[in-house]
There are 2 protein chains.
Amino acid sequence: MTAGSTDTTSDGVNPRPRGGRMPRRERRVQLLESALEVFVAQGYHAAAMDDIADRAGVSKPVLYQHFPGKLDLYLALLDTSCDLIIDNCREALASTNDNRDRVTATMKVFYSYVASEEGAFRLVFESDLTSEPDVRERVDRVTTECASMIADVIRTDTGLPDEASELLAVSLVGMAQVSARFWLAGGGQIAQDDAADLIAGLAWRGIRGYPMTDDH
Amino acid sequence: MTAGSTDTTSDGVNPRPRGGRMPRRERRVQLLESALEVFVAQGYHAAAMDDIADRAGVSKPVLYQHFPGKLDLYLALLDTSCDLIIDNCREALASTNDNRDRVTATMKVFYSYVASEEGAFRLVFESDLTSEPDVRERVDRVTTECASMIADVIRTDTGLPDEASELLAVSLVGMAQVSARFWLAGGGQIAQDDAADLIAGLAWRGIRGYPMTDDH
DNA sequence: AACATCGTGGAGGTCAAGATCGGCGTGCAG
DNA sequence: CTGCACGCCGATCTTGACCTCCACGATGTT
């Protein structure tokens with residue numbers, strides 16, 4: 001009994017049935033999906049190209065016929081995920097003119113992002129390839145871009161200096177991403193919207209007093 | 001002769017003079033210092049044991065006579081850094097009974113931690129070995145432990161439920177660590193204490209308004 | 001002063017993982 | 001029926017990094 005039974009190779013993952021033939025374009029998206037699952041579950045370094053190929057139900061050469069290397073595959077997925085969160089953040093900020101609603105909407109964007117089934121946020125917030133400059137640049141860009149958009153609002157409405165606005169905005173983004181990640185790890189003790197509302201309230205109380213309030 | 005001149009370690013090319021002989025205990029701490037520099041500069045995976053040995057001015061076998069393997073070496077440094085930030089956080093919270101001062105003191109702890117010359121915070125906040133459960137557990141413990149201590153204060157003073165207190169505390173920790181990291185990356189446009197005060201003000205305005213505020 | 005001891009150094013083994021080359025089966029035009 | 005093209009797979013190569021074996025020199029003792 002060398003093979004044949006579709007048993008789990010290593011973990012609780014079930015590889016796809018082997019032998020199906022499909023056009024290139026379709027195969028490519030399937031490979032991307034499989035790669036995302038493996039990278040999310042194991043991280044970049046622990047993920048082997050064999051694992052991704054097995055997960056997709058194909059052999060390794062097929063994978064290399066679609067992507068030149070492991071890093072390219074990872075960067076493709078990373079770019080998609082980075083663009084998603086940045087675009088959603090932009091839309092949330094543009095969705096209203098009330099700053100309190102802006103805070104809530106942006107917070108919900110982060111919580112939805114983290115709660116999404118695919119878990120792609122791990123590539124961005126928990127990447128284990130930060131030594132690679134291409135990865136570092138993209139990961140940092142998520143925080144800096146989101147923060148920059150928020151900082152524009154802060155600066156416009158408060159008149160604070162650029163550096164202070166940026167730092168405040170970065171801290172709001174940090175609050176959102178870290179709390180969302182640990183909310184998810186907590187296992188759903190609190191409903192997603194309740195958690196987002198709670199933290200949005202914290203953030204809003206923090207920044208709403210800034211234009212006119214002096215310290216103490 | 002064994003001059004401990006730890007000058008700027010920007011890129012890691014700074015091998016020590018070779019040939020110096022020293023007692024075990026001293027050699028061990030020197031190896032730890034060298035390993036920290038290399039891990040901080042290059043990350044876990046990119047760092048080779050040869051690099052660490054060369055950095056310390058010794059050869060590879062002596063490194064293995066002091067530490068059984070690469071992971072143990074990394075975990076030793078990680079533990080030290082994790083304990084440091086957790087203990088400092090605890091002391092900051094115990095240093096006063098005024099919650100506003102608690103927030104400021106805790107924020108300054110994070111900024112000092114990130115600004116410390118050795119850059120050990122990168123092992124905790126930017127580790128590239130999160131796939132290893134031992135590492136993941138320690139890294140997460142920093143946030144959860146710090147948050148737990150803060151959550152105790154929040155729960156006591158506000159009467160909020162446990163889960164809400166924990167989530168608020170986690171978000172404050174996230175705000176601190178992310179903003180501190182990006183403040184450092186910003187290159188010192190703002191003075192360290194000013195940045196910490198700014199974010200502490202944001203955090204305090206956020207949480208001070210919650211139910212049952214005990215103002216003296 | 002000579003010898004034994006111990007720490008040090010360079011060169012090498014092992015193995016995992018990324019990247020690749022000749023064969024196989026299927027569908028279609030002629 | 002037959003040749004062709006295309007997609008796919010088993011088996012292999014190579015690189016790089018972690019981890020040990022034989023010489024050498026310094027130190028303490030008689």
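Residue numbers start from 1 in every chain, and the chains themselves are labelled A, B, ... in the order their sequence lines are given, proteins ahead of strands.
Taking atom CD of residue A:Gln30 and atom P of nucleotide D:dG7, one finds them 15 Å apart after rounding to whole Å. D:dG16 atom P lies 15 Å from atom CD of B:Gln42, rounded to whole Å. Distance CG (B:Asp54) to C1' (C:dG10): 12 Å, rounded to an integer number of Å. D:dC8 atom P lies 11 Å from atom CD of A:Glu26, rounded to whole Å. The CD atom of A:Gln65 sits 10 Å away from the P atom of D:dC9 (whole-angstrom rounding). Going from atom CG of A:Leu63 over to atom P of D:dC8 covers 12 Å, rounded to whole Å.
Applying the 4.0 Å criterion to OP1 and OP2 of C:dG7, one finds that B:Arg27 has every side-chain N and O outside that range.
Scanning all heavy atoms of the two residues, the minimum distance from B:Arg138 to B:Asp134 falls at NH1-O, 3.1 Å. Of all heavy-atom pairs spanning A:Leu31 and A:Ile52, the tightest one is O-CG2, 4.4 Å.
With contacts defined as side-chain heavy-atom distances shorter than 4.5 Å, the pair A:Glu118/A:Val40 does not qualify. Side-chain atoms of A:Tyr113 and A:Cys89, non-hydrogen and from C-beta on, never get closer than 4.5 Å to each other.
Listed by first and then second residue, the ring-ring contact (aromatic ring centres under 6.0 Å, His included) pairs that reach into residues 68-91 of chain B are B:Phe39-B:Tyr74, B:Tyr44-B:Tyr74, sequence neighbours excluded.
A salt bridge does not link A:Glu145 with A:Arg90: every distance from a Lys NZ or Arg NE/NH1/NH2 to an Asp or Glu carboxylate oxygen is 4.0 Å or more. Here A:Lys108 pairs with A:Asp197 in a salt bridge; the nearest charged N to carboxylate O distance falls below 4.0 Å.
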Dump every N/O contact between nucleotides 24-28 of chain C and the protein below 3.5 Å, one line per pair.
unit_1, atom_1, unit_2, atom_2, d
C:dG25, N2, A:Arg21, NH1, 3.0

Anything under 3.5 Å between a protein N or O and an N or O of nucleotides 18-20 of chain C, put it in a table, one pair a line.
unit_1, atom_1, unit_2, atom_2, d
C:dG18, OP1, A:Ala47, O, 3.3
C:dG18, OP1, A:Lys70, NZ, 2.7
C:dG18, OP2, A:Met49, N, 2.9
C:dA19, OP2, A:Tyr64, OH, 2.7
C:dA19, OP2, A:Lys70, N, 3.2
C:dA19, N6, A:Lys60, NZ, 2.6

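Within the model, atoms CZ of B:Phe121 and OG of B:Ser116 stand 7.5 Å from one another, a figure rounded to the nearest 0.5 Å.
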